[in-house]
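Worksheet: the structure to be examined is printed underneath.
Keep in mind that what you see is a predicted model, and the values were worked out from it rather than measured.
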Amino acid sequence: MNSPNQPLPTFDEVLLCTPQTTAEQVGLFLRRCLIPCSGGEKIYTMLYADELSYDVSCRAEELFQHLQHYNNTYRLVILCNCEREHSYIPSVFSRYKVHMIPQRPLAEIQRYLQHHYRVAQPSSSAASVFKDNMCVGIVSSKRAGVGK
């Protein structure tokens with residue numbers, strides 16, 4: 001995010017974990033991250049790794065321990081909910097834990113995201129629904145079931 005021209009992460013750089021995420025999905029992701037190839041200097045990110053089941057987490061740790069010897073310059077970020085820091089993955093990787101505070105002001109982060117998510121040519125697409133021709137948006141309510 002040092003420049004507005006830096007791209008957002010691609011689909012292969014991010015794994016959004018849920019309790020339904022399989023060991024195969026995590027394995028493919030870890031292989032992309034830890035096996036050296038000509039893919040450049042990507043930063044791989046596992047989001048909500050604390051949501052993985054115990055079995056998947058154990059298999060992920062075993063695979064990580066095996067594969068990390070192939071590449072000592074990998075870039076892997078594992079984001080977890082701080083309220084679930086005692087689940088398996090956060091516990092296993094706790095020696096690498098870093099409490100993050102965004103280093104950029106919120107307005108700068110918002111400008112960066114707006115730069116990448118703005119629809120160049122407004123058309124009769126769903127993007128016209130969101131403010132300032134953004135192709136993504138967040139709709140929330142404090143009350144459940146009010147037509148979001």
Side-chain angles (χ1 to χ4, degrees), residues 1-121 123 125-127 129-141 144 148:
M1 203 185 103
N2 293 326
S3 157
N5 297 325
Q6 284 183 309
L8 292 168
T10 58
F11 71 93
D12 65 328
E13 293 176 84
V14 179
L15 178 64
L16 179 60
C17 301
T18 68
Q20 290 75 37
T21 302
T22 65
E24 290 76 21
Q25 291 170 316
V26 176
L28 287 171
F29 178 78
L30 289 175
R31 283 180 179 83
R32 280 194 303 264
C33 173
L34 296 170
I35 295 178
C37 64
S38 61
E41 300 215 355
K42 294 182 175 185
I43 300 173
Y44 293 89
T45 306
M46 288 179 69
L47 297 170
Y48 304 116
D50 53 292
E51 296 277 331
L52 295 172
S53 70
Y54 181 79
D55 291 337
V56 171
S57 296
C58 289
R59 289 178 62 186
E61 180 205 2
E62 289 172 9
L63 183 60
F64 176 83
Q65 297 298 339
H66 175 73
L67 292 176
Q68 74 172 344
H69 301 293
Y70 290 104
N71 185 1
N72 61 356
T73 61
Y74 62 88
R75 295 174 170 194
L76 175 62
V77 176
I78 301 174
L79 296 174
C80 299
N81 183 340
C82 65
E83 294 175 4
R84 294 180 44 94
E85 67 182 334
H86 298 296
S87 59
Y88 193 86
I89 292 290
S91 296
V92 167
F93 293 97
S94 64
R95 68 176 177 240
Y96 306 109
K97 181 169 37 174
V98 175
H99 290 282
M100 282 293 300
I101 297 173
Q103 300 298 310
R104 307 278 185 175
L106 178 59
E108 188 176 332
I109 294 170
Q110 289 172 333
R111 278 193 305 276
Y112 173 79
L113 293 173
Q114 286 172 350
H115 173 77
H116 287 285
Y117 288 121
R118 180 163 288 136
V119 175
Q121 287 290 354
S123 63
S125 72
V129 173
F130 295 109
K131 180 180 175 184
D132 298 326
N133 293 320
M134 294 291 129
C135 63
V136 296
I138 298 173
V139 179
S140 65
S141 173
K148 294 185 285 295

Just to verify, which of Leu15, Thr21, Thr18 counts as forming a side-chain contact (heavy atoms from CB on, under 4.5 Å) with Leu52? Thr21
Between Ser57 and Asp55, do the side chains contain a donor N or O and an acceptor N or O under 3.5 Å apart? no
What verdict does the side chain to side chain contact (heavy atoms under 4.5 Å, CB included) test give for Ile78 and Thr45, after you've listed the backbone C-alpha separation in whole Å, the side-chain angles of each residue and the deciding distance to 0.1 Å? CA-CA 6 Å; Ile78 301 174; Thr45 306; over 6 Å; no
How long is the span from the CD atom in Gln114 to the CD1 atom in Ile109, to the nearest 0.5 Å? 12.0 Å
For Tyr74 and Tyr44, run side chain to side chain contact (heavy atoms under 4.5 Å, CB included): C-alpha distance rounded to whole Å, both residues' side-chain angles, the deciding distance at 0.1 Å, then the answer. CA-CA 9 Å; Tyr74 62 88; Tyr44 293 89; over 6 Å; no
Quick check: does any side chain N or O of Arg59 sit under 3.5 Å from a backbone N or O of Ala23, one acting as donor and the other as acceptor? no
Rounded to the nearest 0.5 Å, what separation is found between the CG atom of Leu8 and the CG atom of Leu113? 6.5 Å
Does the plane of the ring in Tyr70 sit parallel, tilted or perpendicular to the ring in His66? Use 30° and 60° as the thresholds. perpendicular
Using a cut-off of 6.0 Å, state whether more than 12 heavy atoms not belonging to Glu83 lie near its atom CD. no
Say you draw a straight line from OH of Tyr88 to OG of Ser53; how long is it, rounded to the nearest 0.5 Å? 11.5 Å
Step by step, would you call Phe64 with Leu76 a side chain to side chain contact (heavy atoms under 4.5 Å, CB included)? CA-CA 11 Å; Phe64 176 83; Leu76 175 62; 3.9 Å; yes
Within the structure provided, determine whether Leu63 and Arg31 are in side-chain contact (heavy-atom separation under 4.5 Å). yes
The reported gap from CD1 in Ile89 to SG in Cys17 (rounded to nearest 0.5 angstrom) is 8.0 Å
Is a side-chain donor or acceptor of Asp50 paired with a backbone partner of Asn81 at a separation under 3.5 angstrom? yes
May I ask you to decide whether Arg32 forms a salt bridge with Glu13, counting only side-chain N to carboxylate O separations under 4.0 Å? no
Taken to the nearest 0.5 Å, the spacing of Ile43 CD1 from Arg75 CZ works out to 5.0 Å
What is the distance from atom CG of Leu16 to atom CD of Gln25, rounded to the nearest 0.5 Å? 10.5 Å
Any sub-3.5 Å donor-acceptor pair from Gln65's side-chain atoms to Glu62's backbone N or O? no
So does Tyr48 have more than 12 non-hydrogen atoms from other groups sitting under 6.0 Å from OH? no
Of the non-hydrogen atoms in Val14 and Pro9, which two are nearest, and what is the gap between them? CG2-CB, 3.7 Å
